[in-house]
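Have a look at the structure below, then the notes.
Only heavy atoms go into these numbers, but all of them, side chains included; no hydrogens, no water, no symmetry mates. Computed from a predicted model, the values in this text were never measured in an experiment.
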Amino acid sequence: DNFGRTVDYVRISVTDRCDFRCVYCMAEEMTFLPREEIMSIEEIELLAKAFTELGVARIRLTGGEPLVRRGLIDHLHNIGDLPGLDELLITTNGSQLARHSQTLKQAGVTRLNVSLDSLHADRFKAMTRNGDLNKVLAGIDAAKAAGFDRIKINAVIMKGSNHDEVL
């Protein structure tokens, strides 16, 4: 870039769909892109391959919620096995981690970012509109048990919602 830094990192949004409706992210009633306008899994793999051939060493898959993308889990190893790829990361709300952690690890995912806006079940549900805190915490535990040693927790801090939990 103009500051002499090497750009070796890219984010690929694999879906706009999500199983939560976080108040800061989505309207309660969302209008999603038509499926034919979203890249196919094969196109995502081709894009990831092109980026790694250009020197990208880290790819982060995001969404919406990437783990609700139909077919992604089955083809994730194709991205994880790309020559030159040092890190494959997924940003997730954690709702699907209990089910998929082992498969993600086996597919070559090296790091996880989990969105966790509150440690109080009632606040968590209010902020996500339908999320289950215990399910997300169980997902984080499953990811640790699957061997993920780099799990980053992200939180959106909102005055009047969860700001008192920061400390």
So if you build clusters from Ile, Leu, Val, Met, Phe, Trp, Tyr with side-chain heavy-atom gaps below 4.5 Å, do Val14 and Leu47 land together? yes
To the nearest 0.5 Å, tell me how far Leu89 CG sits from Thr62 OG1. 11.0 Å
Check each of Ile90, Asn154, Ile153 against Asn113 using the side chain to side chain contact (heavy atoms under 4.5 Å, CB included) test, and report the only one that passes. Asn154
Hydrophobic clusters here meaning ILVMFWY residues chained together by side-chain heavy-atom distances under 4.5 Å, can you tell me if Tyr24 and Val136 are in one? no
Does Ile79 belong to the same Ile/Leu/Val/Met/Phe/Trp/Tyr cluster as Ile38, with side-chain heavy atoms less than 4.5 Å apart forming each link? no
Tell me the closest heavy-atom pair linking Ala143 and Ile151, and the distance in Å. CB-CD1, 3.8 Å
Decide yes or no for Asn93 and Cys18: does some side-chain heavy atom of the first lie under 4.5 Å from some side-chain heavy atom of the second? yes
Main-chain N/O of Arg21 paired with Arg129 side-chain donor or acceptor, under 3.5 Å: yes
Heavy-atom distance under 4.5 Å between the side chains of Asp132 and Lys125, does that happen here? no
Compare all side-chain heavy atoms of Arg69 with those of Ile44 and state whether any distance is below 4.5 angstrom. yes
Expected output: side-chain His75 to main-chain Leu72 donor-acceptor under 3.5 Å: no
Below 4.0 angstrom, N of the basic side chain to O of the carboxylate: do Asp16 and Arg35 qualify? no
What distance separates Glu87 CD from Arg58 CZ, expressed to the nearest 0.5 Å? 6.0 Å
Hey, is Glu165 close enough to Arg123 for a salt bridge, meaning N to O under 4.0 Å? yes
At their closest point, which heavy atom of Gly139 faces which heavy atom of Ser101, and how far apart are they? O-OG, 3.9 Å
Is there a side-chain contact between Leu61 and Arg11 in this structure, where contact means two heavy atoms from C-beta onward sitting under 4.5 Å apart? no
Which heavy-atom pair separates Ser13 from Gly63 by the least distance, and what is that distance? OG-O, 3.6 Å
Would you say Glu53's side chain and Ala50's backbone share a donor-acceptor pair under 3.5 angstrom? no
Please check this pair: side chain of Thr6 against backbone of Asp8, looking for a donor-acceptor N/O pair closer than 3.5 Å. no
For Asn2, look at atom CG and say whether over 12 heavy atoms of other residues, nucleotides or ligands are found less than 6.0 Å away. no
Can you tell me how far OH of Tyr9 sits from CZ of Phe51, rounded to the nearest 0.5 angstrom? 12.5 Å
Under 3.5 Å, side chain of Asp117 to main-chain N/O of Thr128, donor-acceptor pair present? no
Phe20-Leu33 co-clustered via ILVMFWY side chain contacts under 4.5 Å: no
Could you measure the distance from the CD1 atom of Ile73 to the CZ atom of Arg99? Nearest 0.5 Å is fine. 8.0 Å
Are Ile12 and Val68 co-members of a hydrophobic cluster defined by side-chain heavy atoms under 4.5 Å apart? no
Side chains of Thr91 and Val114, heavy atoms from C-beta outward: is any pair under 4.5 Å? no
Starting at CG of Leu119, measure out to CG of Leu137 and round the result to the nearest 0.5 Å. 7.0 Å
What I'd like to find out is whether the side chain of Thr52 reaches to under 4.5 Å of the side chain of Pro83, using heavy atoms alone. no
Spacing of Leu104 atom CG and Leu88 atom CG [to the nearest 0.5 Å]: 9.0 Å
Checking the side chain of Asn130 only, and the main-chain atoms of Asp19 only, is there a donor and an acceptor separated by less than 3.5 Å? yes
Short side-chain donor-acceptor distance under 3.5 Å, Glu65 and Ser95: no
Heavy-atom side-chain proximity of Met127 to Asn162 below 4.5 angstrom: yes
Got a sec: does the NZ of Lys49 have more than 12 other heavy atoms crowding it under 6.0 Å? no
Distance-only polar pair, side chains of Asn78 and Glu42, donor-acceptor under 3.5 Å: no
Taking the side chain as everything from C-beta on, heavy atoms only, tell me whether Phe148 gets closer than 4.5 Å to Lys105. yes
